[in-house]
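Reminder, nothing fancy here: chain letters follow the sequence lines and each chain counts from 1.
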4 protein chains.
Amino acid sequence: MAGSVNKVILIGHLGRDPDIRTTQDGRKIASLSLATSESWRDRNSGERKERTEWHRIVIFSEPLAKVAEQFLKKGAKVYIEGQLQTRKYQGNDGQDRYTTEVVLNGFNATLQMLDGNGGNRPPPADDPGSYGRDTSRDTPRDIPSRNDLDDDIPF
Amino acid sequence: MAGSVNKVILIGHLGRDPDIRTTQDGRKIASLSLATSESWRDRNSGERKERTEWHRIVIFSEPLAKVAEQFLKKGAKVYIEGQLQTRKYQGNDGQDRYTTEVVLNGFNATLQMLDGNGGNRPPPADDPGSYGRDTSRDTPRDIPSRNDLDDDIPF
Amino acid sequence: MAGSVNKVILIGHLGRDPDIRTTQDGRKIASLSLATSESWRDRNSGERKERTEWHRIVIFSEPLAKVAEQFLKKGAKVYIEGQLQTRKYQGNDGQDRYTTEVVLNGFNATLQMLDGNGGNRPPPADDPGSYGRDTSRDTPRDIPSRNDLDDDIPF
Amino acid sequence: MAGSVNKVILIGHLGRDPDIRTTQDGRKIASLSLATSESWRDRNSGERKERTEWHRIVIFSEPLAKVAEQFLKKGAKVYIEGQLQTRKYQGNDGQDRYTTEVVLNGFNATLQMLDGNGGNRPPPADDPGSYGRDTSRDTPRDIPSRNDLDDDIPF
DNA sequence: TTTT
DNA sequence: TTTT
């Protein structure tokens with residue numbers, strides 16, 4: 001479609017260590033569970049409210065997946081730029097289900113660490129601290145089909 | 001949480017006319033089905049590929065919902081800024097399911113028409129053409145609980 | 001710096017045809033003059049106000065520069081994603097001056113046409129209508145130094 | 001203009017303590033000097049390059065200006081969402097000059113602290129840590145005219 | 001499941 | 001200098 005944009009920008013913390021998988025043809029894929037929260041004061045009661053949202057992040061970009069593997073850990077604060085994708089999968093009961101993910105496929109994706117050491121682990125000697133855009137895979141053709149994944153459980 | 005960001009930016013076309021509902025306490029809520037597409041040339045085959053993604057947009061901001069109701073129609077091209085929210089609902093089989101939506105709640109939300117007349121309808125005399133940020137409802141407290149909605153089907 | 005982001009997102013109209021220049025080593029660079037406007041009703045007087053902002057866009061990404069050259073024209077509506085850069089130049093009086101530009105250098109840049117024909121010109125037979133991210137030049141090293149430009153007037 | 005967007009998203013560090021001024025009618029305005037950096041490896045030489053960009057941030061939104069005054073300090077890491085504005089001023093030589101700023105005017109603006117304590121100062125007892133969108137001033141009418149400022153030097 |  |  002002419003002039004389409006699909007962009008997600010998130011800043012939040014990882015709820016657990018990155019999950020790293022390998023496709024049948026040897027590429028690494030990282031999945032992150034990212035929390036964003038907002039808090040506000042209720043107009044009526046005056047009490048403090050907080051709402052946490054959990055996001056499923058899937059990193060198909062291999063350089064970014066490797067960064068996630070090496071440098072991110074539970075608790076890490078990150079900036080993420082990706083796009084929304086919803087995919088169908090079969091539930092355990094055989095029925096179709098859908099899940100929406102924030103996909104980083106290198107074409108348009110960014111991952112930035114916002115704390116010094118990517119979580120609660122002491123920083124490695126070669127910790128990049130920051131991280132640029134993946135420039136090695138930059139067209140959508142690089143998105144592995146879901147069939148490449150050797151998992152049978154959606155997430 | 002300190003320093004959290006949850007932002008979605010989309011430009012696409014409506015797949016159908018906006019769906020307008022009314023909460024039990026009389027507020028209007030609009031739902032949009034928005035398509036974004038990307039196309040690229042396959043690195044190997046050289047053939048042209050296209051992928052369309054459908055997004056469910058829910059407008060809790062009443063001014064923006066009214067704009068949607070009055071001015072948007074199937075085919076309209078829009079710019080949307082909102083945030084990601086995933087909510088649980090009961091499937092027909094009684095099981096928990098989840099759906100992820102792009103929510104415009106006035107606190108952080110934008111809706112802009114990018115074509116002259118909001119779709120394939122001739123423009124009304126008072127067509128605003130553009131549309132600013134909702135400034136009348138600007139805190140999360142304005143988000144109606146899902147229980148306010150008189151629907152029993154998620155979407 | 002660890003975790004830095006520099007991003008500009010604009011939707012507006014071109015005030016004139018793109019200006020195309022060629023560097024000494026043969027690369028094309030396009031400059032755009034882009035208007036964004038906002039309108040609102042004054043809280044006190046109740047009258048309608050409008051403010052237009054002009055942005056100087058510089059496209060170092062050669063694929064995007066070619067798209068600008070071929071398909072954009074005065075009046076075209078575009079979506080632009082780039083980054084802020086301020087550079088120093090010598091005024092006619094020999095004094096230092098500064099100008100801030102929105103730079104599209106392929107590393108992080110997007111240009112999307114939002115109207116069918118890129119302005120008031122009838123669309124060419126091969127009008128792409130839309131336009132993807134530049135993926136051929138995707139690191140900052142591709143930014144031509146200003147000395148490459150064969151102009152002596154800043155803009 | 002129909003469907004216009006003017007948005008800047010920055011993550012960087014403050015180069016100095018915020019500068020707080022007061023308008024003639026008593027409103028606070030904060031100015032920040034914010035650095036963003038990018039680094040990459042040169043394609044030819046293979047050496048590591050870094051480029052730092054300095055941004056002038058002007059916070060007209062009074063709640064956000066107060067947050068800046070109370071909680072930000074040289075070295076603080078912040079997320080900023082604002083819009084581009086270029087204004088004319090008179091140089092010391094009487095000639096017109098222009099400066100481009102990232103303006104946070106409450107209508108569309110966000111300021112988030114990304115480190116615990118807003119810089120190198122120990123966190124105060126009531127440090128908010130994070131900070132929501134200004135919702136008390138949300139229309140452009142709140143932008144003080146530049147004439148309100150009691151400065152005669154642009155920055 | 002994170003974080004403040 | 002654009003656009004509505």
Side-chain angles (χ1 to χ4, degrees), chain A residues 10-19 31-40 48-57 72-80 114-115 118-120 155, chain B residues 1-6 71 86 112-118 123-132, chain C residues 10-19 31-40 48-57 72-80 114-115 118-120 155, chain D residues 1-6 71 86 112-118 123-132:
Chain A
L10 301 173
I11 295 178
H13 290 90
L14 300 197
R16 45 178 165 76
D17 289 352
D19 173 45
S31 295
L32 310 178
S33 185
L34 183 79
T36 56
S37 304
E38 53 184 336
S39 64
W40 68 97
R48 191 134 206 86
K49 303 272 192 168
E50 182 164 8
R51 177 191 167 90
T52 295
E53 193 69 36
W54 287 96
H55 309 272
R56 177 170 165 80
I57 316 294
L72 296 184
K73 206 161 168 61
K74 177 176 174 178
K77 186 170 203 163
V78 295
Y79 171 91
I80 273 180
L114 295 178
D115 43 14
N120 51 17
F155 67 95
Chain B
M1 186 198 307
S4 212
V5 171
N6 176 355
F71 301 113
T86 298
Q112 298 264 9
M113 293 169 46
L114 294 179
D115 44 13
N117 63 1
D126 61 341
D127 188 334
S130 135
Y131 191 72
Chain C
L10 301 173
I11 295 178
H13 290 91
L14 301 196
R16 44 180 166 75
D17 288 352
D19 175 45
S31 295
L32 310 179
S33 185
L34 183 79
T36 56
S37 304
E38 52 184 337
S39 65
W40 67 96
R48 191 134 205 84
K49 302 274 191 167
E50 182 165 7
R51 176 190 167 90
T52 295
E53 193 68 35
W54 287 97
H55 310 272
R56 177 169 167 81
I57 316 294
L72 297 184
K73 206 161 170 63
K74 178 177 174 178
K77 185 170 204 164
V78 295
Y79 171 92
I80 273 179
L114 294 179
D115 43 15
N120 51 18
F155 67 97
Chain D
M1 185 198 308
S4 212
V5 172
N6 176 356
F71 300 113
T86 298
Q112 299 264 11
M113 294 169 47
L114 295 179
D115 44 13
N117 64 1
D126 61 340
D127 189 334
S130 136
Y131 191 73

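- The CG-P distance, from D:N6 to F:dT3, rounds to 18 Å in whole Å.
- Between C:W54 atom CH2 and F:dT1 atom P there is a gap of 9 Å when expressed in whole angstrom units.
- When the C1' atom of E:dT3 is taken as reference, atom CG of A:D115 falls 10 Å away, rounded to whole Å.
- When rounded to the nearest whole Å, the span between CG of C:L14 and C1' of F:dT1 equals 10 Å.
- Looking only at distances, a side-chain donor or acceptor of D:S4 sits under 3.5 Å from a matching main-chain atom of C:S37.
- Rounded to an integer number of Å, the gap from CE of D:M113 to P of E:dT3 is 18 Å.
- Spacing between atom CD of A:E50 and atom C1' of E:dT4 amounts to 7 Å, rounded to whole angstrom units.
- Atom CG in C:D17 sits about 11 Å away from atom P in F:dT3, given to the nearest Å.
- Residue A:T52 places a side-chain atom within donor-acceptor reach of the base of E:dT2, judged by atom type and a 3.5 Å distance cut-off alone.
- With hydrogens and angles ignored, the 3.5 Å screen pairs no side-chain donor or acceptor of C:E38 with any backbone N or O of C:T52.
- Between the C1' atom of F:dT1 and the CD1 atom of C:I57 lies a distance of 14 Å, rounded to the nearest Å.
- The nucleotide whose nearest atom lies closest to any side-chain atom of A:S37 is, among F:dT1, E:dT1, E:dT2, E:dT2.
- Distance from the side chain of C:A35 is smallest to F:dT2 among E:dT1, F:dT2, F:dT1.
- Side chain of B:N6 to backbone of A:L10: no donor-acceptor contact under 3.5 angstrom is found.
- Not a single donor-acceptor pair under 3.5 Å links the side chain of C:D17 to the backbone N or O of C:K73.
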